[in-house]
Amino acid sequence: MTSSTRRPPQGNRGDLFDPQCPTRRLLDRIGTKWTSMAIKVLAEASPEEVRFAELQRRMPGVSQKMLSVTLQGLTSDGLVSRRVEATVPPRVYYGLTPLGLTLEEPLARLREWAEEHMAEVDRANLHSQERLTGA
């Protein structure tokens, strides 16, 4: 088996460069702005839980559907816990799992880097567009 076709055994470190490795799917999920924002809000509340509506309120611009999809994926991955109170209407609470808490630090560094370097990236994009259009 070549390195490009092998799959890592269960419980071992993944291989991002293996097209079949689930690491790629995980990076797709945790690399989104909505995931980063949800993890930040939940980390700030930890160990308390946050209701769905409060999460949506604290994440400007996120639609109900996108937040729901994001939380379903994070719950499926074991990063977020979901608790439902049987009331009418049901109250749904979310919190970070211990695994999810380990994601906050690297995502915080990535958010900080993006905020710190956004002006430089914007200038580079503007320069690139000017070159393409001859302006």
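Hydrogens, waters and symmetry mates are skipped; everything else that's a heavy atom, side chains included, is used.
- The distance from the OG1 atom of T32 to the CE atom of M66 is 8.0 Å, given to the nearest 0.5 Å.
- Between the side chains of S36 and R111, at least one donor-acceptor pair of N or O atoms lies under 3.5 Å.
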Q | Steps toward side chain to side chain contact (heavy atoms under 4.5 Å, CB included) verdict (L126, D122) | A | CA-CA 6 Å; L126 181 61; D122 279 346; over 6 Å; no
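- Between G14 and C21 the shortest heavy-atom distance is CA-SG, 3.7 Å.
- In this structure, the separation between OH on Y94 and CG on L71 is 5.0 Å, given to the nearest 0.5 Å.
- Taking 4.5 Å as the limit, some side-chain heavy atom of V121 sits within range of a side-chain heavy atom of M118.
- At distances below 3.5 Å, not a single donor-acceptor pair connects side-chain atoms of T75 with backbone N or O atoms of S81.
- Classification of R109 and E112 as a salt-bridged pair fails, no side-chain N sitting under 4.0 Å from a carboxylate O.
- For the side-chain contact (heavy atoms from CB on, under 4.5 Å) test with V92, the passing option among R83, R51, E85, R82 is R82; the others fail.
- Side-chain contact between R91 and Y93 is present, with at least one heavy-atom pair separated by less than 4.5 Å.
- Each of V69 and W34 belongs to its own hydrophobic cluster when Ile, Leu, Val, Met, Phe, Trp and Tyr are linked at side-chain heavy-atom distances under 4.5 angstrom.
- Under a hydrophobic-cluster definition in which Ile, Leu, Val, Met, Phe, Trp and Tyr are linked whenever side-chain heavy atoms come within less than 4.5 Å, directly or via other members, L42 and V84 are assigned to the same cluster.
- For E120, the CD atom is densely surrounded, since the number of other residues' heavy atoms within 6.0 Å is greater than 12.
- Here the side chains of L67 and F52 are in contact, with some heavy-atom distance below 4.5 Å.
- Once rounded to the nearest 0.5 Å, the distance linking OG of S128 with CZ of R123 reads 15.0 Å.
- Minimum heavy-atom separation, L74 to A38: CD1-CB, 4.4 Å.
- Atoms CG and CZ, from D77 and R25 in turn, are 9.0 Å apart once rounded to the nearest 0.5 Å.
- Side-chain contact between I30 and L79 is present, with at least one heavy-atom pair separated by less than 4.5 Å.
- Closest heavy-atom contact between Q56 and V62: NE2-O, 3.5 Å.
- T23 contributes atom OG1, which lies 6.5 Å from atom CG of L16 (distance to the nearest 0.5 angstrom).
- Of the inter-residue distances, the one linking L96 atom CG with S46 atom OG reads 6.0 Å to the nearest 0.5 angstrom.
- Between E44 and K40 there is a salt bridge, with a side-chain nitrogen of the basic residue lying less than 4.0 Å from a carboxylate oxygen of the acidic one.
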